[in-house]
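First up is the structure itself, then whatever we jot down about it.
Note that ligands are numbered from 1 as they come in the structure, with each ligand's atoms numbered from 1 the same way.
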Amino acid sequence: MLKIVGLLLAWAASFSSTLDENSTYWQARELLLAQEQTTILGQEQILSSEEKLVNDILMNFKMSEMNTAFGDLNFIPAKNFLVAKMEMEASEVFQIIKLMPKGAALHLHDTAMATVSWIISDISYWENLYMCYTLQNQLLLKFMETPDSSCQWDLMSDVRASYPVPADFDMELLSRLSLITDKPDEAYPDINKVWSSFESTLIALTGMVMYRPAWEVYLYRALEEFKQDNILHVEFRGTLPRLYELNGTELTEEESMAVYETVSLRFLADNPCEYYGTRYIYAPLRRVDNATIWNYVTLAKQLKKRFPNYVAGFDLVGQEDLGLPLKDFLDPLLWLITGEDKVPVFYHAGETNWMGMNTDENLIDALLMNTSRIGHGYAIVKHPEAKALALSKDIPLEVCPISNQVLMLIKDLRNHPVAGLVSEGFPIVISADDPGTWGAVALSHDFYEAFMALGGAKADLRFLKQLAINSVKYSSLDKTASADLMQMWQAKWDEFIATVARKYNKNSKPVIPHVNATFEESNLVEENHM
Ligand SMILES: *[C@@H]1O[C@H](CO)[C@@H](O)[C@H](O)[C@H]1NC(C)=O
Ligand SMILES: *[C@@H]1O[C@H](CO)[C@@H](O)[C@H](O)[C@H]1NC(C)=O
Ligand SMILES: *[C@@H]1O[C@H](CO)[C@@H](O)[C@H](O)[C@H]1NC(C)=O
Ligand SMILES: *[C@@H]1O[C@H](CO)[C@@H](O)[C@H](O)[C@H]1NC(C)=O
Ligand SMILES: *[C@@H]1O[C@H](CO)[C@@H](O)[C@H](O)[C@H]1NC(C)=O
Ligand SMILES: [Zn+2]
């Protein structure tokens with residue numbers, strides 16, 4: 001710092017001299033920029049020569065994409081994912097990210113993990129699936145031997161057959177089970193509208209996939225999608241609705257959890273070299289009273305005891321601004337984290353734009369309750385003390401860029417508060433929250449947004465590598481398991497580097513961020529006049 005001030009003073013003193021590349025001004029400028037580069041997330045990663053080659057290839061694609069967007073203002077992370085998805089998938093940067101082993105996915109929700117179009121083409125065609133609309137126009141789905149009297153049930157197969165074009169029915173179903181639309185601005189005019197549509201998709205999905213045989217197929221498929229996207233370990237949250245049988249029998253929460261674990265272990269046994277493991281964070285709804293929270297935390301302790309390797313911990317979910325703050329449940333939440341049988345917590349907090357309001361303060365409570373990670377948490381940029389505390393306790397944020405965008409918290413991802421945290425090297429992991437809801441698959445789409453928007457033009461392969469390493473480091477696994485997972489990831493990473501180097505096989509040099517829009521435009525104007 002003093003060095004820069006000194007240089008600036010020297011520069012001021014010699015103001016009359018010509019500013020060649022060795023002038024003190026340019027030296028001060030170089031130094032300042034160089035110092036900024038020492039903090040950006042991933043800067044401590046040292047790349048091998050092969051990684052450098054891959055970095056050049058990647059940065060070439062990235063800079064050509066960014067330079068073009070700088071000119072025509074058509075930048076994918078600035079557009080709603082619901083309309084930008086196809087364009088993203090055509091990007092070479094995206095293609096490389098897809099191949100990349102991304103480590104662990106640490107922030108996901110049960111019913112929104114797998115592709116909705118798959119659920120429709122598969123599970124919604126099973127026998128005995130009934131549907132009905134409530135007076136509030138909420139779609140309900142349920143598998144039943146014989147329909148009960150709780151609603152005006154129709155067999156889905158009958159309703160589908162009544163459509164002149166059955167595919168039209170499936171399109172309608174897609175719009176009821178996901179937020180997918182060509183016109184998000186019209187469909188979701190404000191944050192409360194988009195959240196209520198979102199919660200409505202989850203209610204409909206839950207009724208269908210919590211049918212025990214459907215859940216077994218669904219969870220297996222979800223893990224398969226993550227594996228295909230080169231994810232080795234999954235930690236997902238759920239409200240733990242009780243699974244049910246065709247005859248209406250409901251499993252208890254513990255029996256349901258046992259089914260989850262069995263499916264996850266079967267998936268692992270089928271993919272021992274491509275997958276590491278699955279864990280669950282019990283995360284019921286936050287919009288409830290004290291007595292209900294007491295039930296939750298009691299169950300959380302029971303689950304952790306019975307499934308010590310499968311249940312990672314506890315969280316509370318639901319639109320944060322409309323739910324009750326953590327401090328309203330202090331007694332049960334403190335009880336949860338005390339005693340021999342205490343349970344680790346992974347709170348959603350600071351997923352809000354309302355600085356200084358109750359939900360914003362959830363961050364403080366989450367930190368004081370020794371949360372292992374913070375779900376979203378981007379409001380932390382407005383709390384220097386909380387930020388310093390999180391940093392000193394090495395508590396990362398689980399950042400889900402597309403979720404924040406589609407759920408209308410942040411429109412243009414270049415302005416995501418986490419971009420500032422990235423430049424300071426604050427610990428973060430990238431996850432997908434509810435990829436099925438917006439048509440993303442596993443993590444690649446979110447990694448692309450993080451790379452292009454949260455990291456800015458200068459974030460390179462080291463940033464992506466650090467994100468993957470962070471995801472392993474901040475998983476809920478103990479030291480030994482975490483080291484095993486890291487080793488597995490490292491081997492996949494080396495393969496990935498070799499594959500990309502081979503695939504693109506050229507000694508490309510990275511393009512330097514270069515602004516040419518104004519020149520091009522003025523040239524065009526002149527040409528037109530000739
Ligand atoms: C700047 O300094 C370098 C190293 O001393 C020298 O090689 C170069 O010629 C200098 N440039 C100018 C414009 O004086
Ligand atoms: C200038 O920007 C355009 C896009 O606006 C891009 O296609 C072109 O390659 C750029 N030219 C240079 C010299 O960077
Ligand atoms: C309901 O179905 C399940 C699974 O097929 C079976 O285990 C259970 O015994 C049945 N219960 C009744 C009351 O029929
Ligand atoms: C729960 O109980 C505490 C202590 O009695 C009280 O302060 C708090 O407001 C209650 N929370 C709710 C959601 O009723
Ligand atoms: C959080 O952890 C610290 C250090 O282990 C401990 O002293 C403190 O009591 C914990 N806080 C709560 C609320 O349990
Ligand atoms: Zn979430």
* Is there at least one protein heavy-atom neighbour under 4.0 Å from atom 2 (O) of ligand 4? -> yes
* Asked: Protein heavy atoms: any of them under 4.0 Å from atom 7 (O) of ligand 5?
  -> no
* Is there a side-chain contact between Met131 and Leu140, using heavy atoms and a 4.5 Å cut-off? -> no
* **Lys/Arg-Asp/Glu bridge criterion (N-O < 4.0 Å) met for Arg237, Asp315** => yes
* Using atom types as modelled and distance alone, determine if a side-chain donor or acceptor of Arg279 lies under 3.5 Å from a backbone N or O of Asn309. => yes
* Structure fact -> ligand 5 to Ile337, heavy atom cutoff 4.0 Å, flagged ligand atoms 12 (C), 13 (C), 14 (O)
* Asked: What residue and atom, counting heavy atoms only, is the protein's closest point to atom 12 (C) of ligand 5, and at what distance?
  -> Asn370 ND2, 3.6 Å
* Asked: Strictly under 6.0 Å, is that where the ring centroids of His416 and Tyr378 end up?
  -> yes
* Asked: Hey, is Glu216 close enough to Arg266 for a salt bridge, meaning N to O under 4.0 Å?
  -> no
* Is there a protein heavy atom at a distance of less than 4.0 Å from atom 14 (O) of ligand 5? -> yes
* Side chain, backbone, both or neither: Leu324 near ligand 4, heavy atoms under 4.0 Å -> side chain
* Asked: Applying a 4.0 Å heavy-atom criterion (strictly less than), which segment of Thr338 is in contact with ligand 5: side chain, backbone, both, or neither?
  -> neither
* Before signing off on this row, confirm whether Lys393 and ligand 5 have an N or O atom pair separated by under 3.5 Å. => no
* Structure fact -> NE2 (His107) to the Zn ion (ligand 6) to NE2 (His348), nearest 10°, is 90°
* If you draw the axis of the six-membered ring of Trp335, does the NZ or CZ of Lys301 fall within 45° of it and under 6.0 Å from the ring centre? -> yes
* Asked: Any side-chain donor paired with an acceptor under 3.5 Å for Tyr474 and Asp394?
  -> yes
* To do: Tell me which N, O or S atom of Asp433 sits nearest to the Zn ion (ligand 6).
  => OD1
* Identify, for atom 9 (O) of ligand 4, the protein heavy atom at the shortest distance, and state residue, atom and that distance. => Asp328 O, 4.4 Å
* Run the salt-bridge test on Arg306 and Glu254 with the 4.0 Å N-O cut-off and return the result as yes or no. => yes
* Asked: Can you find an N/O atom of Asn290 closer than 3.5 Å to an N/O atom of ligand 4?
  -> yes
* Asked: Short check: any N/O/S atom of His376 below 2.8 Å from the Zn ion (ligand 6)?
  -> no
* Asked: Is the distance from the Zn ion (ligand 6) to some N, O or S atom of Glu351 under 2.8 Å?
  -> no
* To do: Without swapping roles, check the side chain of Lys227 against the backbone of Leu232 for a donor-acceptor pair under 3.5 Å.
  => no
